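Heads up: numbering here begins at 1 and tracks the sequence. Owing to the predicted nature of the structure, the values given are computational and were not obtained by experimental measurement. One-based numbering, in listed order, for ligands and for the atoms of each.
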Amino acid sequence: MPRKLIAGNWKMNLAPSEVGAYAALLKERAAEAVEKVDLLVCPAYPALPLALAAFDESPVMVGAQNMHQELSGAFTGAVSGEMLIDLGIEWVILGHSERRHVFGEDDQLILQKLQRALELEMRPILCVGELLEEREGGRTEEVLRRQFKLTLGELEPKELKRLTLAYEPVWAIGTGLTATPETAQEAHELLRGLLREKLNEDAAETRILYGGSVKPANAADLLAQDDIDGVLVGGASLDPDSFAAIAASAPR
Ligand code: 13P
């Protein structure tokens with residue numbers, strides 16, 4: 001079984017000038033937790049160089065929140081995977097629900113980004129998850145199967161092995177409405193089954209993270225579930241104390 005991955009998605013929060021103090025505190029508060037779990041923070045682009053410097057020689061890893069599917073060119077405002085690699089960034093979140101629903105990214109575009117990230121030998125974290133009306137309409141399984149098939153269906157097993165999946169039910173993101181551990185486990189079990197169809201027993205090696213209102217108070221129960229291999233934390237990752245407390249609550 002892989003180590004649990006505790007990942008923080010800062011979204012459009014924390015300015016570069018705030019990174020130094022954050023990193024100093026997180027390194028201190030998570031000193032014990034990093035012995036048993038992997039820790040990753042994903043700042044906004046301008047904070048990446050400072051975050052890399054601040055976590056240099058620390059086990060805390062640094063990733064990006066998004067990237068463009070092309071390597072370079074006339075794409076004003078965009079950042080390519082090659083630029084991230086140049087900085088020293090391997091991890092990148094792709095297909096986050098805010099990219100899908102606020103910025104209008106569809107599965108086809110997310111697949112292009114994913115293929116580019118894999119070609120660059122990056123470590124993508126692909127997010128999937130259903131909307132509230134899809135869950136209430138009993139369509140969660142159908143949505144997860146569709147998102148999985150459209151983005152991962154064409155990938156080779158060796159490419160899939162570089163991937164981390166994140167189940168982020170959209171209704172649980174930033175709402176305070178966490179999925180119960182049982183509800184999350186059910187979705188993770190479905191995703192594990194889909195991975196197994198492609199990877200057989202190696203599917204256990206692909207981490208599936210849960211994301212959506214994870215806090216120190218609910219992290220331990222979520223992380224205790226068989227198919228929850230880590231968490232992707234938004235709001236609670238902005239405070240090094242609560243992020244470290246989430247990391248500390250993971251079983252070994
Ligand atoms: P919150 O933890 O703020 O609900 O955000 C979850 C998320 O979107 C992580 O990517």
message: Under 4.0 Å, counting heavy atoms only: does K11 come that close to any atom of ligand 1?
response: yes
- request: Report the distance from atom CG of D106 to atom CD of Q147, rounding to the nearest 0.5 Å.
  value: 11.5 Å
message: With a 4.0 Å cut-off on heavy atoms, is A236 in contact with ligand 1?
response: no
- prompt: Relative to the heavy atoms of S213, which atoms of ligand 1 are at a distance of less than 4.0 Å?
  reply: 1 (P), 2 (O), 4 (O)
- prompt: Measuring from L109:CG to R99:CZ, what's the distance to the nearest 0.5 Å?
  reply: 9.0 Å
task: Enumerate the atoms of ligand 1 whose separation from the nearest heavy atom of A172 is less than 4.0 angstrom.
output: 4 (O)
message: Would you compute the distance between atom CZ of R162 and atom CD of E90 and round it to the nearest 0.5 angstrom?
response: 6.0 Å
query: In terms of atom number and element, which parts of ligand 1 are under 4.0 angstrom from non-hydrogen atoms of G235?
result: 1 (P), 2 (O), 3 (O)
- request: With heavy atoms of N9 as the reference, note each atom of ligand 1 found under 4.0 Å away.
  value: 9 (C), 10 (O)
query: Would you say E32 has more than 12 foreign heavy atoms packed within less than 6.0 Å of its CD?
result: no
- line: In this structure, CZ of R196 is separated from OG1 of T206 (nearest 0.5 Å) by 11.0 Å
query: Would one find an N or O of V233, backbone or side chain, under 3.5 Å from an N or O of ligand 1?
result: no
- prompt: When rounded to the nearest 0.5 angstrom, what distance separates CG in L199 from NZ in K158?
  reply: 12.5 Å
message: With a 3.5 Å distance limit and no angle check, can you tell me whether S242 reaches the backbone of P216 through a side-chain donor-acceptor pair?
response: no
- prompt: Does G211 have a non-hydrogen atom less than 4.0 Å from ligand 1?
  reply: no
query: Is any N or O atom of H96, backbone or side chain, closer than 3.5 Å to an N or O atom of ligand 1?
result: yes
Protein heavy atom at shortest distance from atom 9 (C) of ligand 1: E168 OE2, 2.9 Å
- request: Answer yes or no: is there a donor N or O on one side and an acceptor on the other, between the side chain of R207 and the main chain of I125, under 3.5 Å?
  value: no
query: N/O of G234 under 3.5 Å from N/O of ligand 1, yes or no?
result: yes
query: Looking at L232, which atoms of ligand 1 are within less than 4.0 Å of one of its heavy atoms?
result: 9 (C), 10 (O)
message: With the threshold set at under 4.0 angstrom, would you say A166 reaches ligand 1 through any of its heavy atoms?
response: no
- prompt: Just which atoms of ligand 1 are under 4.0 Å from any heavy atom in G212?
  reply: 4 (O), 6 (C)
message: Could you measure the distance from the CD atom of E18 to the CG atom of L50? Nearest 0.5 Å is fine.
response: 11.5 Å
